[in-house]
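Here's the structure, in structure tokens; my notes come after.
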Amino acid sequence: MSVRTVSVREGRRLARSIAVGPHILTADEPDPISTDTGPTPGELLLAALGSCTSMAVRAYADRHGWQLHHVDVDLDFDQRGQIIKNIRLAGDLEPDQTERLLAVAGRCPVHRLLTGDVSVVTVPTITTSSRPPQGHALPN
């Protein structure tokens with residue numbers, strides 16, 4: 001997994017600027033909630049899963065010298081919130097190669113992270129205004 005820190009900064013309305021190393025992304029919500037200046041956080045999650053899946057399949061096929069011409073991944077959430085991942089493989093592949101590539105698609109790091117036992121640790125950092133409340137002086 002990545003070793004770079006991902007930083008998210010507040011923008012206009014619900015828009016967020018996301019910095020990952022030298023890369024800048026935008027997340028937002030569509031109208032009328034916000035201004036639709038970027039994908040939603042859920043869409044970014046799907047993008048992470050889809051790109052990881054595609055990369056893992058491509059790397060595996062290339063490592064084995066298989067004739068995979070193209071791999072496409074389309075993702076969406078269904079009515080129950082499940083992620084639906086459609087994978088299209090184009091190439092001169094034997095049935096067992098296709099089966100192995102589909103197995104690899106289910107083992108990419110982001111897929112394993114989403115389906116594993118994940119914990120998130122929240123570390124709060126509270127900042128306060130440097131101005132004292134009205135009528136109070138800062139201690140020396």
Side-chain angles (χ1 to χ4, degrees):
M1 291 301 266
S2 174
V3 294
R4 297 190 281 196
T5 298
V6 175
S7 299
V8 179
R9 300 294 179 258
E10 193 169 29
R12 189 164 97 65
R13 292 182 70 182
L14 295 180
R16 299 296 179 261
S17 176
I18 304 162
V20 184
H23 309 287
I24 303 296
L25 307 158
T26 300
D28 201 356
E29 290 289 337
D31 292 326
I33 299 169
S34 193
T35 54
D36 202 16
T37 59
T40 68
E43 292 164 343
L44 289 171
L45 176 70
L46 294 178
L49 177 58
S51 57
C52 183
T53 298
S54 178
M55 289 175 187
V57 168
R58 168 57 61 198
Y60 193 88
D62 287 355
R63 188 169 48 250
H64 288 85
W66 294 349
Q67 294 300 308
L68 175 63
H69 303 307
H70 210 78
V71 56
D72 289 324
V73 182
D74 293 321
L75 302 103
D76 206 347
F77 291 105
D78 72 7
Q79 297 278 339
R80 297 186 336 225
Q82 293 182 116
I83 296 173
I84 305 300
K85 180 167 66 168
N86 293 295
I87 302 171
R88 281 185 309 284
L89 304 174
D92 299 322
L93 300 168
E94 298 294 323
D96 64 315
Q97 293 173 328
T98 300
E99 187 176 319
R100 285 175 63 189
L101 290 175
L102 291 175
V104 166
R107 291 192 313 264
C108 79
V110 173
H111 189 114
R112 288 191 321 233
L113 181 68
L114 290 172
T115 58
D117 190 20
V118 178
S119 63
V120 176
V121 177
T122 300
V123 179
T125 302
I126 309 300
T127 59
T128 59
S129 172
S130 59
R131 294 183 344 179
Q134 201 72 3
H136 294 95
L138 288 175
N140 290 347

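The analysis underlying the following values was restricted to heavy atoms, covering all of them including side chains, and did not include hydrogens, waters or symmetry mates. Start at 1 with the first residue, then count along the sequence. As the structure is a computational prediction, the values presented were derived from the model and not from experiment.
- Heavy atoms of other residues, nucleotides or ligands lying less than 6.0 angstrom from CZ of R88 number more than 12.
- Residue T53 forms a side-chain hydrogen bond (donor to acceptor under 3.5 Å, both in side chains) with just one option from K85, R107, R58, H111, and that option is K85.
- Between Q97 and H64, every side-chain heavy-atom pair lies at or beyond the 4.5 Å cut-off.
- Looking at P41 and E29, their side chains come closer than 4.5 Å, going by heavy atoms from C-beta outward.
- Between the CG atom in L44 and the CG atom in L49 there is a gap of 12.5 Å [rounded to 0.5 Å].
- You'll find the side chain of V73 stays beyond 4.5 Å of the side chain of V57, heavy atoms only.
- Residues G21 and R4 share a closest heavy-atom pair of CA-CD, 4.0 Å.
- E43 has its side chain out of reach of L75: every pair of non-hydrogen atoms, C-beta onward, lies at least 4.5 Å apart.
- Between the CZ atom of R9 and the CZ atom of R16 there is a distance of 11.5 Å, given to the nearest 0.5 Å.
- A continuous path of ILVMFWY side-chain contacts below 4.5 Å connects I83 to V110, so both sit in one hydrophobic cluster.
- Separation of atoms CD1 (I87) and OG1 (T98) is listed at 11.5 Å; rounding is to 0.5 Å.
- Of the inter-residue distances, the one linking L89 atom CG with L102 atom CG reads 5.5 Å to the nearest 0.5 angstrom.
- Within the model, atoms CD1 of I18 and CD1 of I24 stand 9.5 Å from one another, a figure rounded to the nearest 0.5 Å.
- Scanning both residues, C108 and C52, for their nearest heavy atoms gives SG-SG, 3.1 Å.
- The hydrophobic clustering, which links ILVMFWY residues whose side-chain heavy atoms are closer than 4.5 Å, places V104 and L114 together.
- Residues Y60 and L68 fail the side-chain proximity criterion, which asks for heavy atoms closer than 4.5 Å.
- Taking a cutoff of 4.0 Å between a charged side-chain nitrogen and a carboxylate oxygen, R13 and D28 do not qualify as a salt bridge.
- Here the straight-line distance linking atom CD1 of I84 with atom CG of D74 works out to 12.5 Å at 0.5 Å rounding.
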